[in-house]
Visitor: 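Have a look at this one before I ask anything.
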There are 2 protein chains.
Amino acid sequence: MPASTSAPADPHRHDAKPRRRVGRPAAAVLDQDGITAAALQLIGKSGYDGFTMAALARTLNVAPSALYNHVSSKRDVLVLVQDHLTSLVDVSLFASDPWDQAVRSWAWSYRDVFSKHTPLIPVIAVLPVTDAPKTLAMYEAVSAGFSRAGFPQRLIVSAIVALESFIFGSAYDVTAPADIFDSGSMADSTPNFTAAVKRQDLEGYDKPADVAFNLGLEAMIARFGTLRA
Amino acid sequence: MPASTSAPADPHRHDAKPRRRVGRPAAAVLDQDGITAAALQLIGKSGYDGFTMAALARTLNVAPSALYNHVSSKRDVLVLVQDHLTSLVDVSLFASDPWDQAVRSWAWSYRDVFSKHTPLIPVIAVLPVTDAPKTLAMYEAVSAGFSRAGFPQRLIVSAIVALESFIFGSAYDVTAPADIFDSGSMADSTPNFTAAVKRQDLEGYDKPADVAFNLGLEAMIARFGTLRA
DNA sequence: CCACTAAATGAATGCCGTTCATTTACGATT
DNA sequence: AATCGTAAATGAACGGCATTCATTTAGTGG
């Protein structure tokens, strides 16, 4: 056989693919917005299981360690994603429509956004608003709407928190399997519950989660509505 | 030098500490109850960060791989823990007291139990009741109470789910840092919200989370109460 | 022109959940 | 009583993960 095929590669020869560039690039290829967008795209394609720092770096054609020049941890990335998603929540009706309508559309849209991103909920729930400007902007729009509607100042934050807690819990509920309440072989020992599951009424909604969300949300809207001046 | 010090250890010599036993033990040292108890203890001592299969095995004086003869994954252990904790939730009032009192004590106790175990919430929320017998028992007690109170069958499950969603979300809220709503340097751009945070009324409760929980829970109890026959 | 710094690389680290071949003792079967 | 199958342990792997670090390079400000 010809020597050229068996001999070790000439170390001075250029590789077929040119060696990946090292050191400062002509222009920065990464920034927080780009990382956020790539993270969102990756999560959409691979879900939160497939969302790793390595995969994120691959999406951006970059080494994993490069990410750490722009964020300080994976949690940081999740915060960026969370804040972006919150900006998709619809608060527009608070500026124009009646209070109850505004709360309704806000709550449904909030739940819908995060039901596809439940792994972020533990992050949001304890995140200081300082670290999430768009989230803070949402709170401003909502509390302005509550004020405008004559809601007593001293209750605004508590009411929003109560609604939000319900929204987060309900977002999980959306992801539950359809047969979650199937009592199976233990049906005999749980007659009341088994009967209640069988008689559950969908009221024209697509999913049980929607019925429950409507029920709880309307309860809060009705009761909170009476607290206004 | 004497041969004894430089020569490799005699393979037949007994080690100072007797070699750890290998193979089937005289009596099984592990079972699901023991694993659950140890997991609970470990979580109490080290939190969910320190709760690893290796640490759990160490608590039980066992190799990590031994655990997999009794559970099929770490998630399995979390399910066992979850089911145990659910049995601590107080459903006793559903058998005796008025409906609204029973719901109140159930909801507060449910929230208090899981506010110390929020990492379990994503597990519970999507867990088929078949895999958690004590959880199923809780649902039976609660739905029996709703039935007894004249609640319409077709709404029982939805009402329970709505309450549960609120409870789970509120459990996270308990763990939030006290200054979570401090808008810091962005206070200027969020005048309504900043004012509302400042005027928030604790109503004699210890924590803001308690005020919000009371507000939302009483809204649901009031509204759901009107649905009874 | 030079020193500084921002921004990349890739190798290394340490932890984690999980798998697997192997070992051993109990209990049932012959 | 001897045998056999199986339950239940060990410990050595494995692959994947987030993160750190020394190093390299190219722009930038003095």
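Order of the sequence lines fixes the chain letters, A, B, ..., with proteins taken first and strands second; residue numbering starts at 1 for each chain. Keep in mind that what you see is a predicted model, and the values were worked out from it rather than measured.
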Visitor: Quick one: which of C:dT18, C:dA8, D:dT10 gets closest to the side chain of A:Pro25?
Guide: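 It is C:dA8.
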
Visitor: D:dA18, D:dA26, C:dA25: which one has an atom nearest the side-chain heavy atoms of A:Met53?
Guide: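 Output: D:dA18.
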
Visitor: Do the rings of B:Phe193 and A:Tyr139 sit parallel, tilted or perpendicular, given the 30° and 60° boundaries?
Guide: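 Parallel, since the angle between the ring planes stays under 30°.
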
Visitor: Expressed as a whole number of angstroms, how long is the span from B:Lys74:NZ to C:dC15:C1'?
Guide: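 Distance check: B:Lys74 NZ to C:dC15 C1' gives 11 Å.
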
Visitor: Mind calculating the distance between CG (A:Leu56) and C1' (D:dT19) to the nearest angstrom?
Guide: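 Atom-to-atom, A:Leu56 to D:dT19, this comes out as 14 Å.
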
Visitor: If the plane angle is over 60° it's perpendicular, under 30° parallel, otherwise tilted; pick one for A:Trp108 and A:Phe213.
Guide: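 The arrangement is perpendicular - the two ring planes meet at more than 60°.
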
Visitor: Output the single nucleotide from C:dT9, C:dT18, C:dC16 whose closest atom is nearest the side chain of B:Ser73.
Guide: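 Shortest atom-to-atom distance from the side chain points to C:dT18.
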
Visitor: For B:Ser65, which contact category applies under a 4.0 Å heavy-atom criterion: base, sugar-phosphate, or nothing?
Guide: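 Base contact.
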
Visitor: In this structure, how many angstroms lie between the P atom of D:dG16 and the CG atom of A:Asp49, rounded?
Guide: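 Between P of D:dG16 and CG of A:Asp49: 14 Å.
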
Visitor: I want to check one thing: is the phosphate of C:dA8, taken as OP1 and OP2, less than 4.0 Å away from some side-chain N or O of A:His70?
Guide: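 It does, given that an N or O in the side chain of A:His70 lies less than 4.0 Å from OP1 or OP2 of C:dA8.
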
Visitor: Separation of B:Tyr48 atom OH from C:dC16 atom C1', in whole Å?
Guide: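 Taking atom C1' of C:dC16 as the reference, OH of B:Tyr48 is at 18 Å.
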
Visitor: Let me know the distance between CZ of B:Phe51 and P of C:dG17, rounded to the nearest Å.
Guide: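 It works out to 8 Å between those atoms.
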
Visitor: Which nucleotide, C:dT23, D:dT19, C:dT18, lies nearest any side-chain atom of A:Pro64?
Guide: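 Nearest to the side-chain atoms of A:Pro64, counting from C-beta on, is D:dT19.
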
Visitor: Expressed as a whole number of angstroms, how long is the span from B:Asn61:CG to D:dA8:P?
Guide: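 Interatomic distance, CG of B:Asn61 to P of D:dA8: 18 Å.
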
Visitor: Using the side-chain heavy atoms of B:Tyr68, tell me which of these nucleotides is nearest: D:dT10, D:dA18, C:dT19.
Guide: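 Nucleotide nearest to B:Tyr68's side chain: C:dT19.
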
Visitor: Can you tell me the distance, in whole Å, between the CZ atom of B:Arg75 and the P atom of C:dG17?
Guide: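 Value for this atom pair: 15 Å.
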
Visitor: According to the interplanar angle, ranging from 0 to 90°, do the rings of A:His117 and A:Phe114 count as parallel (below 30°), tilted (30 to 60°) or perpendicular (above 60°)?
Guide: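 Rings of A:His117 and A:Phe114: perpendicular, as their planes differ by over 60°.
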
Visitor: Return the value, rounded to whole Å, for the distance between atom CD1 of A:Ile35 and atom P of C:dA7.
Guide: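 Checked: the CD1 to P distance equals 11 Å.
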
Visitor: For the residue pair A:Phe51 and A:Tyr48, categorise the inter-ring angle as parallel (less than 30°), tilted (30 to 60°) or perpendicular (more than 60°).
Guide: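 If you compare the ring of A:Phe51 with that of A:Tyr48, the planes turn out perpendicular.
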
Visitor: For the side chain of A:Asn69 and the base of C:dA6, is some donor closer than 3.5 Å to an acceptor across the two?
Guide: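 No, the side chain and the base share no sub-3.5 Å donor-acceptor pair.
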
Visitor: From the list C:dA8, D:dA9, C:dT9, which nucleotide is the closest neighbour of the side chain of B:Leu30?
Guide: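 Closest of the options to the side chain of B:Leu30: D:dA9.
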
Visitor: Which label fits B:Phe94 and B:Trp106: parallel for a plane angle under 30°, tilted from 30 to 60°, or perpendicular past 60°?
Guide: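 Perpendicular.
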
